[in-house]
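To start, the structure itself, in structure tokens.
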Amino acid sequence: MEQTKSSSLRRERVLSHIADCWWLWILKAVIVLLVLCIIVPFFWMITSSVKTTQEYLTSPIVWFSRDPQWSNYAEVMVDLQFYRYIINSLILAALSVLLSVFSSAFVAFGFSRFNFKGSSVWFGIMIATMMLPGQVTVVPQFLLFKEIGWTKNFLPLVVPQICGAAGNVLLITQFMKGIPHEIDDAAKVDGAGSLTIFLRIMLPQIVPILIVTGLFTFLGSWKDSFGPLIYLRDESLYTVPLALMTFISPENPNRGILFTGLTIALVPTIIVYVLGQKYLENGIVIADLK
């Protein structure tokens with residue numbers, strides 16, 4: 001009787017192990033499929049950057065060019081002066097990061113460390129603005145900036161960053177709430193004011209979440225084509241997305257040029273992500289725990 005029970009238990013364990021293995025293999029297959037869905041388009045973009053127009057239009061798809069057009073990179077960077085557009089985008093993204101992250105941290109400091117009248121109401125209103133699509137405010141903003149003569153430079157894209165971003169404020173506020181208030185009280189006993197507490201105590205402790213919000217802000221500015229398309233008129237001020245729009249035209253049917261520009265534009269985002277990956281993962285986890 002005992003032998004029968006033990007054999008049935010072993011059989012159940014084996015069947016359970018086999019079932020678990022099947023589910024594990026299915027999960028791995030799904031993960032591999034999803035990874036391929038993400039990687040293959042990037043791989044096709046990179047290989048297409050050195051194809052001729054004929055190879056690009058050939059059906060079925062030609063994955064590797066028989067005559068790689070490496071001169072496409074020189075043509076894009078030198079002849080089309082793509083480096084100038086990269087510099088414009090980097091300047092715009094850097095200013096956006098500095099202004100938006102610092103101002104968001106300053107606002108978050110007020111929401112997280114001070115219990116003023118109506119703070120929860122104002123915080124809720126700020127969060128509610130995240131639900132509005134950006135197109136809602138485009139017309140009034142454009143009319144305002146047009147009246148003050150800011151429609152032909154970077155100012156309409158940079159100055160609003162001084163007001164911060166609701167998403168950044170939310171993340172930083174939640175992070176700051178996890179820092180004990182006793183630190184503020186001890187600093188006040190030593191004679192530190194609120195500004196000193198913010199600059200010398202709070203900012204060094206919230207570096208991970210500042211880097212996270214900085215990454216989000218950089219990527220948002222780098223890939224933004226809507227704002228620059230509205231406000232920038234001078235071609236010398238074009239950003240990378242606007243420049244890529246001009247690469248395909250009846251006068252320039254070379255598709256490889258477009259994919260070369262896309263490949264080059266991808267490099268700064270990869271570098272930024274690699275440098276900030278550790279902070280991105282740790283910052284999000286810590287913010288969730290706090």
Does N115, at its CG atom, have more than 12 non-hydrogen atoms belonging to other residues, nucleotides or ligands within less than 6.0 Å? no
Dump the intermediate steps for side-chain contact (heavy atoms from CB on, under 4.5 Å) on V159 and W150, then the final yes or no. CA-CA 10 Å; V159 173; W150 283 8; 3.7 Å; yes
Give the minimum heavy-atom separation between [X] and [Y], together with the two atoms involved.
X    : Y    : result
S225 : L242 : O-CD2, 4.0 Å
M130 : A166 : CG-CB, 3.4 Å
I46  : T263 : CA-OG1, 3.9 Å
L171 : I209 : O-CG1, 4.1 Å

Where the side chain of [X] meets the backbone of [Y], is there a donor-acceptor pair that is under 3.5 Å apart?
X    : Y    : answer
S103 : S100 : yes
R113 : F198 : no
S49  : L262 : no
N88  : Y238 : yes
S221 : T217 : no
S112 : K177 : no
S89  : I86  : no

Using the rule given for side-chain contact (heavy atoms from CB on, under 4.5 Å), can you reason through K51 versus N72, listing the C-alpha separation, both sets of side-chain angles and the distance that settles it, and then say yes or no? CA-CA 9 Å; K51 291 179 185 177; N72 286 347; over 6 Å; no
pair [X]-[Y]: side-chain heavy atoms closer than 4.5 Å:
X    : Y    : result
L95  : Q161 : no
W222 : L90  : yes
Y85  : E235 : yes
Q205 : I183 : yes
T260 : E75  : no
K188 : I197 : yes
F82  : V240 : yes
P228 : L157 : yes

For L34 and I38: C-alpha separation, side-chain torsions, deciding distance, then whether side-chain contact (heavy atoms from CB on, under 4.5 Å) applies. CA-CA 6 Å; L34 292 175; I38 297 173; 5.5 Å; no
F259 pairs by ring pair (Phe, Tyr, Trp, His ring centres under 6.0 Å) with which of Y73, F42, W44? W44
Run the numbers on F154 and Y231 for ring-ring contact (aromatic ring centres under 6.0 Å, His included), then give the verdict. CA-CA 8 Å; F154 286 156; Y231 294 109; over 10 Å; no
Going through the checks in order, is the side-chain contact (heavy atoms from CB on, under 4.5 Å) test met by V212 and F175? CA-CA 11 Å; V212 171; F175 195 95; over 6 Å; no
